[in-house]
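Below is one structure, written out as structure tokens, with a few remarks after it.
For the numbers below, each heavy atom of this structure counts, side chains included, while hydrogens, waters and symmetry mates do not.
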Amino acid sequence: MRIRSLIKRMLRRDALEVSSPRENRIFIQITRGKLRKTIGKLMRMEGFSHLSTITGVDSETEVELIYHLFHKDALISLRFAVPKQDPTV
């Protein structure tokens, strides 16, 4: 089974959206409250090895954080926003 299908099934209750603009590239939109749970689920899957990078995208009212995780078959990016008034995860 393809990695995108596995992730969609595994995170069906936690992900707001799962998209794949091209092969081996997956974006998962979550809420900040689901970060630890989602990363835990992903890292327990065979083939995940590490968190590669964390990116921050600053806008007027919030900062979008993107956690890039490396899997042997794909680059997975978890995306969520935190308000500038409360910039905690």
Side-chain angles (χ1 to χ4, degrees):
M1 184 178 285
R2 295 179 54 197
I3 184 72
R4 182 175 182 267
S5 298
L6 287 171
I7 288 173
K8 277 188 93 163
R9 191 176 69 218
M10 183 180 61
L11 298 179
R12 67 185 174 276
R13 291 190 184 111
D14 299 316
L16 301 174
E17 179 183 356
V18 177
S19 62
S20 184
R22 63 183 184 276
E23 192 68 26
N24 301 330
R25 190 72 177 96
I26 301 169
F27 290 93
I28 304 167
Q29 185 75 38
I30 61 172
T31 61
R32 70 176 166 170
K34 298 282 186 172
L35 177 65
R36 288 184 180 162
K37 181 178 180 181
T38 303
I39 287 179
K41 284 182 176 183
L42 290 172
M43 295 305 288
R44 284 190 293 274
M45 286 179 64
E46 183 178 333
F48 273 96
S49 64
H50 64 277
L51 171 66
S52 174
T53 309
I54 302 172
T55 303
V57 181
D58 191 359
S59 70
E60 282 187 36
T61 59
E62 62 187 19
V63 176
E64 180 183 36
L65 295 173
I66 307 168
Y67 281 56
H68 305 280
L69 300 156
F70 182 77
H71 183 274
K72 66 182 180 92
D73 295 326
L75 178 60
I76 314 298
S77 295
L78 293 176
R79 305 170 77 140
F80 62 97
V82 295
K84 286 187 175 180
Q85 309 294 356
D86 181 25
T88 60
V89 177

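- Between Asp73 and Arg4 there is no salt bridge, since none of the side-chain N atoms of the basic residue sits less than 4.0 Å from a carboxylate O of the acidic one.
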Exercise. Would Thr55 and His68 count as a side chain to side chain donor-acceptor pair (under 3.5 Å) if you check the C-alpha gap in whole Å, the side-chain angles of each, and the deciding distance to 0.1 Å?
Worked result: CA-CA 8 Å; Thr55 303; His68 305 280; 3.0 Å; yes

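- Classification of the Phe80-Tyr67 ring pair by plane angle, with boundaries at 30° and 60°, yields tilted.
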Problem set entry | Test side-chain contact (heavy atoms from CB on, under 4.5 Å) applied to Leu11 and Lys8, step by step | CA-CA 5 Å; Leu11 298 179; Lys8 277 188 93 163; over 6 Å; no

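- Note on Leu69: it clusters hydrophobically with Val89, by side-chain heavy-atom contacts below 4.5 Å among ILVMFWY residues.
- The environment of Arg36 atom CZ is sparse: at most 12 non-hydrogen atoms of other residues, nucleotides or ligands sit within 6.0 angstrom.
- Under the 6.0 Å distance and 45° angle rule, Arg25 counts as a cation-pi partner of Phe27.
- A 4.5 Å side-chain heavy-atom check between Ile28 and Leu42 finds at least one atom pair inside the cut-off.
- By the 4.5 Å heavy-atom criterion applied to side chains, Ile3 and Lys72 are not counted as neighbours.
- Residues Ile30 and Ala15 approach most closely at CG2-CA, 4.2 Å, considering heavy atoms.
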Exercise. Which is it for Gln85 and Thr61 under the side-chain contact (heavy atoms from CB on, under 4.5 Å) test, yes or no, and what are the steps along the way?
Worked result: CA-CA 8 Å; Gln85 309 294 356; Thr61 59; over 6 Å; no

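- Applying the salt bridge (charged side-chain N to carboxylate O under 4.0 Å, His left out) test to Glu23 and every residue at least two apart in sequence or in another chain returns Arg2.
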